[in-house]
Amino acid sequence: MSEYVLELRGITKTFPGVRALDQVHFQLKPGQIHALMGENGAGKSTFIKIITGVHQPDAGEIYLNGQRVEIKHPRDAQRLGIAAIYQHVTCFPDLSVTENIFMGHERIQPGTKRILWKEMHAQAAALLAELGASFDPKTQMGALSVAQQQIVEIAKALSTNARIIIMDEPTAALTKRESEELYRITEQLRDKGVSVIFITHRFEDMYRLASQVTVFRDSRYIGTWGIDEISREELIMAMVGREITQLYPQKDAKIGEEVLRVEGLGKTGLFADVSFTLHRGEILGLTGLVGAGRSEVCQAIFGIHPYDTGKVYLKGAEVRVKNPLHAMELGIGYLPEDRQMQGLVLPWSIAENITLSAIGKYAKKGWLSRRKEEEAARMLAEKLQVKAKSIFDPVSSLSGGNQQKVVFAKLLTAELDVIILDEPTKGVDVGAKSAIYEMIHDLARQGYGILLVSSEMPEVIGMSDRVVVMREGRVTAILDRDEATQEAILEAAMMKKAPPDLPHKAVSSKTRRLV
Amino acid sequence: MEQRALMSKKEFSLKRFFLQWEWMLVLIFLLVNAINVSLSPYYFNYDSLRDATMTFLDKAFIVLPMVLIMILGEIDISVASTVALSAVIMADLHAKGVPMEAAVVICLLVGTLCGFLNGWLLVRFKELSSVIVTLATMIIYRGIAYMILEDQAAGQFPEWFSFLGWGYVFGIPFILIAFAVCAIAFGLLLHMTTFGRRIYAIGNNPVASRFSGVQVDRIKIIVFTLAGLMAAVTALFLTSRMGSTRPNVAMGYELDVIAMVVLGGISTAGGKGRMIGAVIAVFLIGFLRYGLGLINVPAQVLLVIIGLMLIAAVMVPNLKRKRSAAANVRKEDAGIKEAI
């Protein structure tokens, strides 16, 4: 018998253009709660997907109880006793709790294939009782709270006799009390000999539960420590401690008058009381953990989803943006986070994509002028150095960085004062990154006010004149350039207490689906 | 790094040009005619061919806006009921003494209103798909038509009204001229205007369209309203040709229309296809039906043939996509190797 129930050695995984995991190690002892921490994009999600068989590693080995295994399919993971519980519960909301628990491994009468409802309900009830839950297994899944749904997911894991349970930010959508309940259940699992990998952004989770902590950073393995061996400060250093290289150009734009002011912006369940100002030539960083409500604030300003309270002033005058077209007419542009889903029409050519948002400019009374359109597109594509053979190449054939340049070019077709950039370098390689940073500076120099939403700490610090930090829908800090250290930002993003009255449940998967 | 100037001339590839689905349709169209000619000595006769177009062109008016709807990624199965409702209201009003000119205008208004209602319901209740919305209105519109006329027929229109369905201008059927004008107008709208470009954008990626400032809801309403208007135009020509109307008129037209659009190479997933393809498909099916009718092939056989062609129409682009996807993967692999 090996010392470790699960061991991963030298796991490497590359996606086109991105190295998601680079020689990563992990060791899990039986009956241990092992925290896995790292910034957004450090490779934690890919890592889980490798363990659960969603992705195959390009290199590296996985050992289960000392035996080398290959996990080619989620079904293999289930057979090997590995189960994962995700942050946004993936369930069948219209089915009963029992059906959710036994989905894919229903108890069936041999021969007649009859579903043994009675047995399933009884087993489900037993599992739930064991976990201390009081709801009926015949309840419809969608009627439960997020916390209760997570308990069902755990019951589901137990029903497959899982010995290793991975929890991906399970407390992100839970209230304090619900988290406490989850801690209790997790400890109960541990005492039964189940090993738990607990992925979290919250230090309180880690200190409360884990005995070991492993840190990933930039797709690499940084280290594993016992929980009492490492101080909070050392842990933060381990998570963010990379050198900020000369990736970021020298800031030389002059900061001018105020161009955008947001006062007390709020939307029930998503964010509340958000206020900041933005000046011409300024790059204002907006950061926080995933789910802190940054994108939601930006999309409210851009008119995608209306806000409930608060005011937005553009160049001193109050505006109420009705829809994205209105926003662009007023002078607000938005570069969406998900460029493939929200930013581009993938099968279309570079030219057609660049001109889409300002297509009216290349037409007379609605009649398109292809010549004008193609001229403008070619000019912008060359200005932003999109690497392609011709402007008629489909954007789906471009690399991430070049696709992002096309989305930037779209912004430049409109006459804007404020440009909101939502994770502009997400999934872009280093070379393209510095080109994009150069572009952002160039925009600032031209007098645009730039709101830069980013989860990447060095990017926020390297680029921004000031940094707004959000946590759980609220602004927790606005830092000047010299105050904005990694530690200060991380502290505001992770540890400062958010006001307790913000409803948590609404920040779950449901609201996300609306976009 | 040296930045090459981007080409702004489209590379013209003869192979790609002729590999388009529309050429396939032209080929099938010629084939159908060749077979028809060889099977029936009476087929290739200008007068009879000309008159044949009059019988199948009435529903073709709905094909035009249906192309826009399906490029949007939506569908409208209420169009035949809209035809019936606007025809019935027109005939009923005329029978009750309203002048025919006014009845015609009201017919067009009723159709437009029906279409607008479809579009409005669709954008108002986003959780409902267009199949469900228009299934409901399909039943409602047809139901109202029955409530108005019950099981009666209404007719006896003035002399001039029959010109629509039976008249000739310079020896060409009026309906053919009207269809040609409408087809060109819709073709220009789809391919030459910002409106058309936005329709394609929505069909390809509604989320990105919205983020790019395209007024998705407004465009959907306009397009569905256009479909209602063209259904009313069909009602005019159909009623004129038949000389009377009843509530069960145009039964099943929606499926004929959708079949023509799909055969014309318009993707059921939205975002792809061209007006010309659907127009060719209209004549292809029309002549096929006419030719097979001449040699007394039962109508059921025709249905089987149309069904087979539809499967081909849906399959061919899929095969092409799979091939190009495979090519892309190969390219990507090569790219990664190069990068390493």
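Chain letters run A, B, ... following the sequence lines, proteins first and then strands; every chain starts at 1.
- Both the backbone and the side chain of A/Ile359 come within less than 4.5 Å of a heavy atom of chain B.
- The existence of a salt bridge linking A/Asp442 and A/Lys383 is excluded, since no basic side-chain nitrogen approaches an acidic carboxylate oxygen closer than 4.0 Å.
- A salt bridge links A/Glu423 with A/Arg294: the distance from a Lys NZ or Arg NE/NH1/NH2 to an Asp or Glu carboxylate oxygen falls below 4.0 Å.
- Neither the backbone nor the side chain of A/Ser349 comes within less than 4.5 Å of any heavy atom of chain B.
- Of the charged side-chain nitrogens involved, none lies within less than 4.0 Å of a carboxylate oxygen, so that A/Glu296 and A/Lys267 do not count as a salt-bridged pair.
- Of the atoms belonging to A/Phe302, it is side-chain heavy atoms, and not backbone ones, that fall under 4.5 Å from chain B.
- Ranked by non-hydrogen atom pairs under 4.5 Å with chain A, the options B/Ser212, B/Gly196, B/Pro206 are led by B/Ser212.
- With respect to the salt-bridge test (charged N to carboxylate O, under 4.0 angstrom), the residues A/Arg371 and A/Glu375 qualify.
- Interface residue A/Gln340: only backbone heavy atoms are found under 4.5 Å from chain B.
- In this structure, CG in A/Leu411 is found 7.0 Å from CG in A/Leu421, a value given to the nearest 0.5 Å.
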